[in-house]
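What you are looking at is a predicted structure, and each value in this text was computed from that prediction instead of being measured. Below, chains carry the letters A, B, ... as their sequence lines are ordered, and counting in each starts from 1.
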Amino acid sequence: NAAAKDSSSEGAKSSGKSFTLVTPDAVGQNEFLKLAVDGVKAAAKAHDGTQKVYESSDTASQQQNVQAAVEAKPDVIVLVGFEFADLVAQQAKAHADQQFLMIDACTTKTFKNVGCAVFREHEGVYLAGAEAGLLSKSGKVGAVDVLDTPQFRRYSDPFAAGARKVAAKTSTSTRFVGGQSPFDDSARAKEQANSLLSKGTDQIMAAAAAGNYGVFEAAKAKGAFAYGVDVNQCVSSPGTVVDNVIKRTDVAVEKGIDQVLGGKAGTTVSYGLKEGGISLTGLEAGVDSSKCVIAQHKDVLTKVKALRDQIVAGELKVDDPAAS
Amino acid sequence: MFFDSDLLMSALRALTPILLAALGGALCERAGVFNIGLEGMMLMGCFTAVTTSWFTGSPWLGVLAAALAAAAYSLILAVGAVTLRGDAVVLGIAMNLLAVGLTSFLLRTVFGVQGTFDDPSLAGLPLVGGFSPLAYLAWAAVAVATLVLSRHVWGLRLRGVGEAPQAAATLGVSPAKYQYAAVLVSGVLCGLAGAQLALGNVTLFSENMTAGRGWIAVVAVMLGRALPLGVLLAALLFGLAEAAGFRLQGLGLPQQATDAAPYVVTLGALFLTTARRRRRTTPAGAVS
Amino acid sequence: MNRIAGALRSPVTFSVLAGVLIGALFLVGTGADPFTAYGAVLSGSLGADGIGSTLTTVTSVLGLALALAIPLRAGLINLGGDGQLVLGGMAAAVTGLYTPLPAPLTVLLALLAGMAAGAGYAALAALCENHFGVPLLVSSLLLSYPASSLASYLARYPLKEPGSSLPQTRQLPDGVALPAFGSSTVTVGLLLVALAAATYWFTDRRTAIGYEIRMTGLNSRFAAYAGVERGGLTLRLMATSGALAGLVGAIGVLSFPYRFLDGALTAPGYTWTGLTAALLAGAAPLGTVLASFFFAVLQVGGLSMERTTEVPRELTQVLQAIVIVFLAARLRFPRGRLRKKAAV
Amino acid sequence: MTPQRADAEVAVELRGITKRFPGTLANDAVDLTVRRGEIHALMGENGAGKSTLMSVLYGMERPDAGEIRIDGRTVTFADPGAAMAAGLGMVHQSFKLFDSLTVAENVVFAAEPRRFGLVDRAAARRRVRELAAEHGLAVDPDARVGDLPVGLRQRVEILKLLHRGARTLILDEPTAVLTPAEADALFTVLKSLTAQGRTVILVTHKLREVLEGSDNVTVLRDGRVVARLRTAETTADEIAAAMTGRAVELDRVHAPGTPGDVVLDVEDLTTDAVREVGLTVRAGEIVGIAGVAGNGQSELIEALAGLRRVTAGRVTLRGRDITHASATERRARGLAYVPEDRHAVGTAPAASVADNLAMGHHRRSLSSHGLLPPAAVRAHARRLVERFGVKAATPEVPASALSGGNLQKLLIGRELAHEAPLLLVEQPTRGVDIGAIQNIHDELIAYRDAGHAVLLVSAELSEIRGLADRVLVMYEGRVTATYPKDGADERTLGLAMAGGAAPVEVGD
Ligand SMILES: Nc1ncnc2c1ncn2[C@@H]1O[C@H](COP(=O)(O)OP(=O)(O)OP(=O)(O)O)[C@@H](O)[C@H]1O
Ligand SMILES: Nc1ncnc2c1ncn2[C@@H]1O[C@H](COP(=O)(O)OP(=O)(O)OP(=O)(O)O)[C@@H](O)[C@H]1O
Ligand SMILES: [Mg+2]
Ligand SMILES: [Mg+2]
């Protein structure tokens, strides 16, 4: 628990600001949460302040952690995830002088002391889908999601739409890991991927949390390709992972804190392709050293860049499954 | 085509860890020790297999270490339930809890990570004819267990110990010895099950990665009436139901329905088999 | 006085001390200071900041521990607490959302609906044993999964809050909530659970049915011989058990965040904690209460310890398991029936 | 004091065996000499230390002091396996058999003929047939032991010992569950074994068989040897006096009762193991049912008690049809029941004496409006403990701490206390010593004389003849004979129990 270690070094020199990050799950290998931790650390450094990370594991611990965070009265409490919407609404009302920053979600009502940052993952997933459509030889692409919930649908529905955009005849399919331990069950995720592969699918969007490793293994064994999320996952399975939908949570956290400290809480900032909050590894600098398969398909990247430009310019609108 | 060879392969892959663990559970059951800690023993196997394979570079050493570690872990049940005559159900549940806590704790201490340890250079088990060698071992274990239980002197004595421990004791057969042996062998089998899951089915360790498979093995022991072949059929039924569930998702069935399917199928199978058995045993019972 | 001396010499004291000691060794092994860590556990769970969370956790843990202890007293193991809990929560949510009555009445109705749903579903497991001969342990466990799946489906599709990204129902109307104590998270639910514990204690010690339940647990053939009807008792005990599990679910939904969120009720694993508490206490009422409280302290304190020190909370999980192992190895309770059942 | 033949060599010799349990001195410097080729009876009341002594000899208990000599050599047995290796073999009172295994598997268990480590089933079968033929112990090697009647199970137990080459056989109360005919057959087998030079140590409470079948008798009381007798030179009275320390009147036949109204009327009752049984029991009489175990007596009683489904027929209790009533309804209607198996059915050994005594009373005299005050339970327990002389430290001790005889007193006392018009009693004195038997018999007679109806099932013919006003014999699920009091001697009854009697009808 490196995060907590930093906090112990606060004390005398903490003339700066203090930030507390509360996560909905254990940070572990959750790339999305790791980035959030990076973001809050960067903010602490920038503001010569201190930071703490409270990791939750379930609804009960989320509640207890938020409670504890509020009682410690840091300058900003950062909360990552949809799960916190109700909690933040409750606490923001009860503690009007406490500043909150919500990442990846927002309260239904607007509070003057709550800043929000949300992502338009679907834009990035759409582009990954386009890559898949262009690269697929079988004309079949699919996705493996953790659970059948709206936020995970953001990783499957736009993927299908992107593929069909560039290759109209592409057939698409989605599997959900489910089971007793959906976020950790890589064996199950692997079998779900296998069931797609056995149908001839050769491009798979992997949004199975820890199960992604299982998806990559399955794809690798069948010589098929997969797409990672949040960070560059190509390194964990070079030659199999084509590209990744990058979500710059660190940026959102750091900028969000600035915005809240700057007195501009009460607003919601949306990060998409345009803002650089969402991207693909293939579209970033350093693609050639990323170990991603897409680095060998410059032609594909050219077409995808064109699509991106259309989206950024607002000429192309990507449907958001979570907005229904 | 719905029922194709891929479906069968998928079912067989899902089957292997469950089968290995359930065989261990069946042996314990036969020896009169109710082993509900299969899940925890398996998880210890997963962790040891990955750790050993990582540090030695040999998945085979990983398998060996997993078997040994899980067997050592199973001593908790053996000492607690056999020697100290504690409650096997409580011990089993505690072992499951302890395994989750301990492996997560060790994951942090040994690898400095949380959640999942995965590395491309972690060596997994090779595939032979589409399956890991442990899958073949599991099949062989069914045959061996059947033979030993039904024909070998050890099997006869084990069954005797499970049915009437004092009777066995008066004939100079130590129930404790056989019960220890059964629990330790179940430890070895669960260790292998864990190794298969972490180095065969996938190549990584993640917290709580057994995800209820040990419980399914417990159910398989009951459904299969603690007979190796029965256990095999029960595990196969479960594997097929799960693999079919994955396919049905492709046909548009909601994930929640396919999640529930294996359990509903198992319950249905239990209804059928116990109803049949009841009909058969009622007249027989009247004789005595 | 004898009792106090007995308690001090009891396996419980021994096991807790052994667990704490082994836990301390772990702590030293990882370079942490055991006193700081245990201090953090205690102050985090029993201090002013933590007691609220502890009591909230106690509400759920004790509720489920009681639910599982009641059939256990007669030697029946209900492994389906999760399913009954979730169905209870879902029933309460639906009632809370769609009852056109004044809020207080709606709350009452939602509690009753939750209990009814849990009771009905648990009774189903009893029927599986009584009529199909499927051991209760297995039938209750297997039935639990489809129940969770059903609730998950409902929260995801027909009852989903429009526009939300989470598989959750709409929030209950204003006022459809259990009153809380001050600004804390502790609600009247705690009182309901405490009332259930008191009732259980009274029934167990001082009523004829409680006596019959105890005797069934000690020797079911003996009880049957004297006229205690096994099937009927199983059904009633399971229904009571399910009703309590359902009540915990309803309390969960009628407390913050006042809606059914898929997985929220089961993720903290209260069912297992509750079952363990009940098993450890041999289903005795007072012991169940104490064990539940102990586990709640460990859970809340463990999280707090992780926040304030470097020690990961898994340690309290390990500690809890070690205490159980030690206790189980020295403690037995009547379970003759289970053995026979399990040996199908 | 030691009138033993000096010529035969000594097979087993125990010297100064002392065994202490917490709170009990079970064996106090016991000496026992058993000569080769004899049947040596070991007698004593419940708790006298017989089983303990045999456990010590057989390596199941370690003695605190003393020495064991087999064939003149001093030995120490770490476990029964070592004792078996030295040529000892023991048949325990409760059989130690594996019900789900076959006869052959039971016989060869732990001493299996093998081929490549596998059990050689053919050889095992052969071995059973050979031994059976040699010793007159015919039994089907492929039968499942669980399906066998008690008499055959005992044969399996003896075959087990013979298969292991036991030269000295220890039998703990082997005839407790046998009919006279079966017991006679057993003694024939034992005699032929001793004729071959084997030795038998017989633990028993039954004077008749000791007098008829043994060569020497050793009597224990309170863990000490109080008499060593040559059977040919002693009498039943002498042995009984040695066992109890006082003179006892043996085989009393009680005065007949005065039957009143019909309390229980059973017509053509049929269950899975009972065929068209009809009988009546009147107030103020004891009706005895004799029969070899496994001929439907237990099933009949269970059906009457409401614990077994009735497939046809009619049962009337005090004028009310109770054919399909539940056990609770029957009890409410006026029925009490002392079951055969006091540990598994009649009590909850882990529960306290007080809780055990409350069962059945807890819904009636002890409770009101469903409440059961602990004080009432305790007071009730104290009353019964005193009235029936149950030896228990306090009512709070678990019933498992009571000796067999005391547990039986507890059970009978509890059921008698219901004052129910009908009492069903199975094997009320099995394994109970002479003194306790007399107490129990007196209680039953007093209960009858108070105007209650009693239906008694017993394998003990002297008990049936001593107590019953009418005797029914059950054979293969049917009532095959009915006799009035003193209407049949033991021979006639024994014959009828073996299925060899023409039915004798007598009016009710
Ligand atoms: N394991 C034991 N622990 C404590 N006390 C025991 C134990 N076994 C026997 N005893 C006690 O030792 C004494 C002798 O018992 P033992 O079994 O030898 O009697 P017995 O002569 O065989 O009686 P019975 O006729 O009832 O079979 C009794 O008081 C009994 O309660
Ligand atoms: N652990 C024990 N503690 C106290 N008493 C015991 C114990 N084990 C046995 N006894 C008593 O010792 C006596 C003899 O025990 P044993 O095992 O020989 O029983 P038994 O002869 O089969 O019993 P029964 O008297 O019912 O025929 C019994 O009265 C029994 O209650
Ligand atoms: Mg005895
Ligand atoms: Mg006896």
- Message: What part of D/Ala111 gets within 4.5 angstrom of chain B, counting heavy atoms only: side chain, backbone, both, or neither?
- Response: backbone
- Query: Between B/Glu163 and D/Asp99, is there a donor-acceptor pair closer than 3.5 Å when you use the side chain of the first and the backbone of the second?
  - Reply: yes
- Query: Pick from B/Gly172, B/Gly160, B/Gly155, B/Ser174: which one has the most heavy-atom pairs with chain D under 4.5 Å?
  - Reply: B/Gly160
- Message: Applying salt bridge (charged side-chain N to carboxylate O under 4.0 Å, His left out), can you list everything that pairs with D/Arg121, at least two apart in sequence or on another chain?
- Response: none
- Can you name the closest pair of heavy atoms from B/Thr170 and D/Met60 and give their distance? CG2-SD, 4.2 Å
- Task: Against chain B, label D/Asp120 side chain, backbone, both or neither, depending on which of its atoms sit under 4.5 Å from a heavy atom there.
- Result: neither
- Query: Which residue pairs pass the side-chain hydrogen bond (donor to acceptor under 3.5 Å, both in side chains) test with at least one member in residues 141-153 of chain B, sequence neighbours excluded?
  - Reply: none
- Given that the side chain runs from C-beta out, which part of B/Val153 has a heavy atom under 4.5 Å from chain D: side chain, backbone, both or neither? both
- Note on the structure: Heavy-atom nearest pair, D/Pro80 first then B/Ala169, reads CG-O, 3.7 Å
- Query: Looking at side-chain heavy atoms only, is the closest gap between B/Leu171 and D/Lys160 below 4.5 Å?
  - Reply: yes
- Nearest heavy atoms of B/Val173 and D/Ala110, plus distance in Å: CG2-CB, 3.3 Å
- Does atom CH2 of B/Trp60 have more than 12 heavy-atom neighbours from other groups under 6.0 Å away? yes
- What part of B/Ala168 is in contact with chain D, defined as an atom under 4.5 angstrom from a non-hydrogen atom: side chain, backbone, both or neither? both
- Count the heavy-atom pairs under 4.5 Å between each of D/Gly117, D/Gly296, D/Gly89 and chain B, then report the option with the highest count. D/Gly117
- Item | Segment of D/Phe95 engaging chain B (4.5 angstrom heavy-atom cut-off) | neither
- Task: Measure the shortest side-chain to side-chain distance between B/Gln166 and D/His92 over non-hydrogen atoms and say whether it is less than 4.5 angstrom.
- Result: no
